[in-house]
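FYI, side chains are in, hydrogens and waters are out, and symmetry mates aren't considered; it's all heavy atoms of this structure.
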Amino acid sequence: MTTAPLTDPWHVGPVTLHSRFLLGSAGYPSPQHLSDAIAASATQIVTVGLKRTLAAAGDNGFMAQLSQSLQTQGARLLPNTAGCRSARDAIQLAHMARELYGTDWLKLEVIGDEHTLQPDPFELVIAAEQLVRDGFTVFPYCTEDLITCRRLLDVGCPLLMPWGAPIGSGQGLLNPFALRTLRERLPDTVLIIDAGIGAPSHAAQALEMGFDAVLLNSAVSQAQDPVRMAGAFRQAIDAGRSAFLAGVMAKQDFAVASTPVSGQPFLLK
């Protein structure tokens, strides 16, 4: 009897990945906490906001330690356009990020509402289409709306990053019906839950539903012990993926006895 591994490969274009845990880099108590959390998470992708980097110009300690952590872990940097409110601003920032970090990978964020920080679907599609033409591998942060997601795929995004709940809210998967529908309607698309996850159980739920990975930041950086929490998320993500591969039992609307009360429960010889 063989047992499925806790992790199995997934792909972004020609790049093969094994960790299904993408980690943000903002809000940690110290650069050392971030470095230790990256190691505990075993992540292969770490996001960083260019606007944050520019705002901290002159403080090279953060990026220097982050670069060292990425090199040690063998992880890739995923710059993001957090803080952009229009396609034009996001496109401009994306090109700056490519010059600064030397990568075509980009997490595309174009926010349309200041209260919910919900993505603007119209500006998002416009920016994604142009950036794909410009040679970027675009990771679009979007809602779970199926039509918007299809439009993003149509313009060349290789994957989608629908939210679970508003950024930083820690509420988990607020609309599991829509997320399940998205997974069912786009069976061959890499889907990464991004934003709103607050507990390891939320991440496990996403992987159990068949999502390919999760991206989170605040749930780790704002924990009392970020390093231990990063390890807890790593275990939960592995468990959720294993449960999906094993096949979670179907829910029933009525009781089903787990132990037969008649007949022969085992074949005896």
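- Scanning both residues, Ala94 and Leu106, for their nearest heavy atoms gives CB-CD2, 3.4 Å.
- Residues Cys84 and Leu108 form no side-chain contact, since every pair of their non-hydrogen atoms from C-beta on lies 4.5 Å or further apart.
- Between Arg20 and Asp8 a salt bridge is recorded (basic side-chain N to carboxylate O distance below 4.0 Å).
- Remark: Asn80 CG to Ser25 OG distance equals 7.5 Å, nearest 0.5 Å.
- Proximity of a side-chain donor or acceptor of Thr81 to a complementary backbone N or O of Glu109 within less than 3.5 Å is detected.
- Side-chain contact of Ser69 with Gln73: a donor-acceptor pair under 3.5 Å is absent, judged by distance alone.
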task = Please step through side-chain contact (heavy atoms from CB on, under 4.5 Å) for the pair Phe233 and Leu216, ending with a clear verdict.
result = CA-CA 10 Å; Phe233 269 103; Leu216 58 95; 3.5 Å; yes
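- In terms of heavy-atom proximity, Ile167 sits nearest to Ala195 at CG1-CB, 3.8 Å.
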inquiry  = For Leu182 and Cys149: C-alpha separation, side-chain torsions, deciding distance, then whether side-chain contact (heavy atoms from CB on, under 4.5 Å) applies.
reply    = CA-CA 9 Å; Leu182 194 65; Cys149 288; 3.8 Å; yes
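- Counting heavy atoms from C-beta on, the side chains of Arg98 and Thr103 never come closer than 4.5 Å.
- Note: Leu191 CG to Cys142 SG = 8.5 Å, rounded to the nearest 0.5 Å.
- Within the 4.5 Å cutoff, the side chain of Ser221 has no heavy atoms near those of the Pro226 side chain.
- Annotation: side chain of Trp10 is in contact with side chain of Ile192 (closest heavy-atom distance under 4.5 Å).
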key: CA sep, side-chain torsions, deciding dist, call: Thr72, Gln68, side chain to side chain donor-acceptor pair (under 3.5 Å)   = CA-CA 6 Å; Thr72 301; Gln68 179 61 46; 3.2 Å; yes
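- Following chains of ILVMFWY side-chain contacts shorter than 4.5 Å, one cannot reach Leu70 starting from Ile45, and the two form parts of different hydrophobic clusters.
- Hydrophobic clustering (side-chain heavy atoms under 4.5 Å, transitive across Ile, Leu, Val, Met, Phe, Trp, Tyr) groups Phe136 together with Leu77.
- Ring geometry for Phe139 versus Trp105: interplanar angle of 30 to 60°, hence tilted.
- Counted within 6.0 Å of CZ on Arg151, heavy atoms from surrounding residues, nucleotides or ligands total 12 or fewer; the atom is thus considered open.
- Here salt bridge (Lys or Arg N to Asp or Glu O under 4.0 Å) pairs that include residues 77-91, with residues two or more places apart or in two chains, are Arg85-Glu114.
- For the atom pair Leu173 CG and Glu144 CD, the distance stands at 10.0 Å (nearest 0.5 Å).
- Across Ala203 and Val214, no two heavy atoms sit closer than the pair CB-CG2, 4.2 Å.
- With Ser19 contributing its side chain and Ala42 its backbone, the two residues share a donor-acceptor pair below 3.5 Å.
- Applying the ring pair (Phe, Tyr, Trp, His ring centres under 6.0 Å) test to Tyr141 and every residue at least two apart in sequence or in another chain returns nothing.
- For the pair Ser35 (side chain) and Pro31 (backbone), a donor-acceptor distance under 3.5 Å is absent.
- The minimum heavy-atom distance between Leu179 and Trp163, with the atom names listed, is CD2-O, 4.0 Å.
- A 6.0 Å sphere centred on CD of Gln252 holds more than 12 heavy atoms belonging to other residues, nucleotides or ligands.
- Linking Ile, Leu, Val, Met, Phe, Trp and Tyr whenever their side-chain heavy atoms come within less than 4.5 Å leaves Tyr28 and Val227 in two separate clusters.
- With respect to Arg180 and Glu184, no salt bridge is recorded, no charged nitrogen being found less than 4.0 Å from a carboxylate O.
- The shortest side-chain heavy-atom distance between Leu23 and Asn217 does not fall under the 4.5 Å cut-off.
- Counting all heavy atoms, side chain and backbone alike, Ala37 lies closest to Val220 at CB-CG1, 4.3 Å.
- For residues 189-209, the pairs satisfying salt bridge (Lys or Arg N to Asp or Glu O under 4.0 Å) are Lys107-Asp194, with sequence neighbours left out.
- With contacts defined as side-chain heavy-atom distances shorter than 4.5 Å, the pair Met229/Gln222 does not qualify.
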message = Under the criterion side-chain contact (heavy atoms from CB on, under 4.5 Å), I'd like the reasoning laid out for Arg76 against Val15: C-alpha separation, chi angles, the key distance, then a yes or no.
response = CA-CA 11 Å; Arg76 301 175 66 103; Val15 177; 3.8 Å; yes
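- Considering every non-hydrogen atom in both Val110 and Ala87, the closest pair reads CG1-N, 4.1 Å.
- Between the CD atom in Gln44 and the CZ atom in Phe21 there is a gap of 12.5 Å [rounded to 0.5 Å].
- Residues that satisfy the salt bridge (charged side-chain N to carboxylate O under 4.0 Å, His left out) test with Arg234, not counting sequence neighbours, are absent from this structure.
- No continuous path of ILVMFWY side-chain contacts below 4.5 Å connects Leu78 to Leu66, so the two sit in separate hydrophobic clusters.
- Between Pro9 and Leu17, the closest side-chain pair of non-hydrogen atoms is not below 4.5 Å.
- For Glu123, there are no salt bridge (charged side-chain N to carboxylate O under 4.0 Å, His left out) partners, not counting sequence neighbours.
- Here the OG-CD distance, from Ser86 to Gln92, works out to 9.0 Å after rounding to the nearest 0.5 Å.
- For the pair His33 (side chain) and Pro29 (backbone), a donor-acceptor distance under 3.5 Å is absent.
- Just one of Val190, Leu159, Thr16 meets the side-chain contact (heavy atoms from CB on, under 4.5 Å) condition when paired with His11; it is Thr16.
- There is no side-chain donor-acceptor pair under 3.5 Å between Gln118 and Asp113.
- Rounded to the nearest 0.5 angstrom, Gln205 CD and Phe244 CZ are separated by 14.0 Å.
- Contacts classified as salt bridge (Lys or Arg N to Asp or Glu O under 4.0 Å) and involving residues 222-233 (residues at least two apart or in different chains) are not found.
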inquiry  = Please evaluate residues Ile193 and Met161 with respect to the criterion side-chain contact (heavy atoms from CB on, under 4.5 Å), reporting the C-alpha separation (whole Å), side-chain torsions for both, the decisive distance (0.1 Å), and the verdict.
reply    = CA-CA 6 Å; Ile193 293 292; Met161 303 182 75; over 6 Å; no
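- Here the side chains of Leu50 and Leu100 are in contact, with some heavy-atom distance below 4.5 Å.
- Residues Ile38 and Tyr101 fall within the same hydrophobic cluster, defined by Ile, Leu, Val, Met, Phe, Trp and Tyr side chains chained together at heavy-atom separations under 4.5 Å.
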